[in-house]
Amino acid sequence: MAPKKKLVRSLFPAATGMVAVGLWACGPDAGGSRSTDVSPVNSSQAVSTTSTLGARYHVTSAATSVNQITPLISIVNGGTAAVDLSTVKVRYWYTEDGTQAQSYWCDYWGLRPDGQNNCSNVVATFVKMATPTTTADTYLELSFRTGVGSLAAGQSSNDIQSRFAKSDWSNFNQSNDYSFDATKTTAADWDHVTLYLSGTLVWGTEPGGAVPPPDTQAPTAPTNLTASNVTSNSATLSWTASTDNIGVAAYDVYGSSSTAIGSVTAPTTRYDVSGLSPSASYSFTVRARDAAGNVSAPSNAASVSTQGGSGGSGSYAMNPPDPCYNQFWVAGCETGTCGGRCQVANACSPPEDPQKASLPMTFACPRFMLFSDEMNQAAKDDWGDPSPFAYGVVGHDADTSGLDVGSSSCCQCYQLIFEKPEPGSPQPPDLPIPKPMIVQSFNTAAGGGKNFDIYMGAGGFGAFNTCVAGTYSGTATTTFGHFMYSAFPSDFPTNGGIKAINIPECKVNGTVTLASMQSTACQSRITQLCNNTAASSSTVATETENSCIQSNAVAGFYHQNWQIRAKRVECPLAITRVTGCRLAPQGLPAANPNAKTAATADSSFRTGYTTTTMQDCCKPSCAWQNQVGGAGLTVVDKWTSFYSCDQNGVPITAP
């Protein structure tokens, strides 16, 4: 059992719909987002023969007369599919021994060495039984908030360290309490604690004798299976969810054979098929599966005819991000997961964190840059050649007052329409309006919810720099000694980097005009500065140079600050293949290629937003899956975060 944490408590009576909870929080590495904490199940643990879920229980004290009841209860998933914890309820049965109001406290739930506590996701309710027994007249029901996450197959939730007491702190007599067992001083299966999945009893025996019936009912068949985002070697399948008497656990995708080609955990209703052949025809179906292993009838068939090969489609696609490199702390690492390594470091972690110096260093990936080969090809694959959009990633804080929902913007996509550049720049109509962008949020702490900080070659440093060694006013260089480049265009490091309005050769009387920007002196100086780039990987150096130069071109002058209009949209498939982070469909509109300027954008685009520019090479906050699924966002399969890259700019992928 992990030690209890020092708490700051808020006490109030818990009744139906109310709970008194003790909260404890910490701020791990790149932020304090919560995640579901799980640990491996001991192979000797057993679960109910009628359910894949089970409850384990032990006591902190064997005393029968106590002024607070302190059960330690964990949930075990012995099945083959993950279970959404928000569909699970736990009941502890006891005699109230009085009529006083009662209060509940969750002291700690998590038990990972990084100290994250999930107590804020626990909801407690006291319920009087309609038909009391000699050993129970009341039960404490624990449920879990939406967004707490799923309990993976073969995993345990670990102990929920609970306490409850009467308002006058008078004693309970536990000797006749149904769920109390003084002999269980270490965690053991206990059928007098009951579990419910979507309202159905699935573990244990209630005091009145009710036991979980065997689940023999299969889910309904998925419906409305369709294919979209079809390229020469891939397609996206989506369907309408199935229903089940207890709950759907997963969906299995089938091609022409009787063996599933892949699966996704419910409630995800999307699957990306890859590895297809150009100019070929395929047919797919989907079946739903519940936690007891009952399988539905097949969905309708979806036919796919892939495009002809173009030589570039999907060339950037690779395996999902490596889960050993994208978590604040890896569950099960102490017993061998990830080779026993529990953490990695952001190469830009504050210099005051010397204990991280020996950990693997991770960086932002150069393939994320505006005008990288990967982003250019992804835009063509999604929209055709030429693409109506430029693709990129941005730092963006959630604008919960308008554009965004939830506390995390990670992995969300936006269509940006450019309106007016910053003062000191040539102005439209002389300066062409750049083509609209589709961007995906990869970082936070980026100027607030009204700003989009575009990641591009030599775009300027943030609070910390791990691109290149050196001392730069206004930014802190990491002391870890790991850098992506051996030479870098670090001029104007905190003023947007290499851009025409920073460069004397591009100005006339202190102002950049269209003519001065197009001059040989200006363009030569930009090229000279951008080409001051060297890295162990020639590809990284070349892509950085190209991004720096192209973002300063007159026809697409993204390398300055703009006033823009913005709209949250569903992410096109190819951009998520470049980045590694893919959210389940949210019912958002697709990007509109006809909305190119303020005059052609409808009222669904919000005004009052701006862009800035950056490239500091630090691993972005959205490369930690704790900031994605751990922040309540639903991902597709294993696409749980942005890729992390090694020092040579190579994405770190799952085996």
Side-chain angles (χ1 to χ4, degrees), residues 226-231 234-238 264 267-274 313-314 316-318 320-321 326 365 367-370 372 374-384 387-396 398-399 403-406 408-417 435-444 446 452-455 566-593 595 604-606 620-623 625 627-629 631-643 651:
T226 59
S228 61
N229 295 327
V230 179
T231 70
S234 65
T236 298
L237 302 177
S238 57
V264 293
T268 299
T269 55
R270 166 176 161 165
Y271 182 80
D272 294 318
V273 184
S274 59
S313 181
Y316 44 80
M318 53 183 60
N326 68 353
C365 295
R367 68 193 264 139
F368 300 160
M369 286 187 296
L370 175 64
S372 72
E374 295 86 352
M375 284 296 187
N376 287 343
Q377 186 62 50
K380 293 175 185 178
D381 288 344
D382 278 332
W383 301 96
S387 171
F389 298 104
Y391 273 9
V393 300
V394 292
H396 174 64
D399 174 29
L403 191 63
D404 296 289
V405 296
S408 175
S409 69
C410 284
C411 305
Q412 300 284 357
C413 284
Y414 307 85
Q415 181 175 346
L416 308 184
I417 293 175
K435 71 166 63 174
M437 291 188 70
I438 295 177
V439 296
Q440 192 174 19
S441 178
F442 85 140
N443 204 19
T444 53
F452 292 86
D453 200 19
I454 304 174
Y455 182 67
K567 179 179 181 179
R568 193 159 60 98
V569 296
E570 292 285 3
C571 291
L573 175 62
I575 195 172
T576 67
R577 286 183 167 161
V578 175
T579 66
C581 200
R582 194 173 306 167
L583 298 180
Q586 302 173 81
L588 297 170
N592 179 5
S604 64
F605 286 85
R606 294 179 176 268
S621 57
C622 302
Q625 68 166 284
Q627 304 280 46
V628 186
L633 300 171
T634 303
V635 297
V636 174
D637 199 23
K638 298 178 182 179
W639 306 95
T640 57
S641 71
F642 272 73
Y643 289 117

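The structure presented is a predicted model; accordingly, all values stated were derived computationally and were not measured. In this chain, numbering begins with 1 at the start of the sequence shown.
- No side-chain heavy atom of Leu370 sits less than 4.5 Å from a side-chain heavy atom of Met375.
- Counted by atom type alone, Thr579 and Gln440 present one or more donor-acceptor pairs between their side chains at under 3.5 Å.
- With rounding to the nearest 0.5 angstrom, the CD1 atom of Ile438 is 7.0 Å from the OG atom of Ser387.
- With Arg367 contributing its side chain and Val578 its backbone, the two residues share a donor-acceptor pair below 3.5 Å.
- Applying the side-chain hydrogen bond (donor to acceptor under 3.5 Å, both in side chains) rule to Gln415 yields no partners; only residues at least two apart in sequence or on another chain are considered.
- Rounding to the nearest 0.5 Å gives a distance of 6.5 Å between CZ of Phe389 and CG of Asn592.
- Note that CD of Gln627 is 10.5 Å distant from OG of Ser441, once rounded to the nearest 0.5 Å.
- Side-chain contact between Leu633 and Val628 is present, with at least one heavy-atom pair separated by less than 4.5 Å.
- The line from CZ of Arg577 to CZ of Arg582 is 6.0 Å long, rounded to the nearest 0.5 Å.
- A 4.5 Å side-chain heavy-atom check between Thr576 and Trp639 finds every atom pair outside the cut-off.
- For the atom pair CG (Leu573) and CZ (Arg270), the distance works out to 6.0 Å, reported to the nearest 0.5 Å.
- Looking only at side-chain heavy atoms (C-beta outward), Tyr414 and Ser409 come within less than 4.5 Å of each other.
- On the SG-SG cut-off of under 2.5 Å, Cys411 and Cys622 do not qualify.
- Side-chain contact check for Val394 versus Ile454: some heavy-atom pair is nearer than 4.5 Å.
- The distance from atom CG of Asp382 to atom CD of Gln377, rounded to the nearest 0.5 Å, is 10.5 Å.
- The side-chain heavy atoms of Val635 and Gln625, taken from C-beta on, include no pair separated by under 4.5 Å.
- Cys581 has its SG atom at least 2.5 Å from the SG atom of Cys410.
- Judged by distance alone, the side chains of Asn443 and Tyr455 never bring a donor and an acceptor atom under 3.5 Å apart.
- Side-chain contact check for Pro320 versus Asp637: every heavy-atom pair is 4.5 Å or farther apart.
- Listed for the Glu570 side chain is a donor-acceptor partner under 3.5 Å among the backbone atoms of Gln586.
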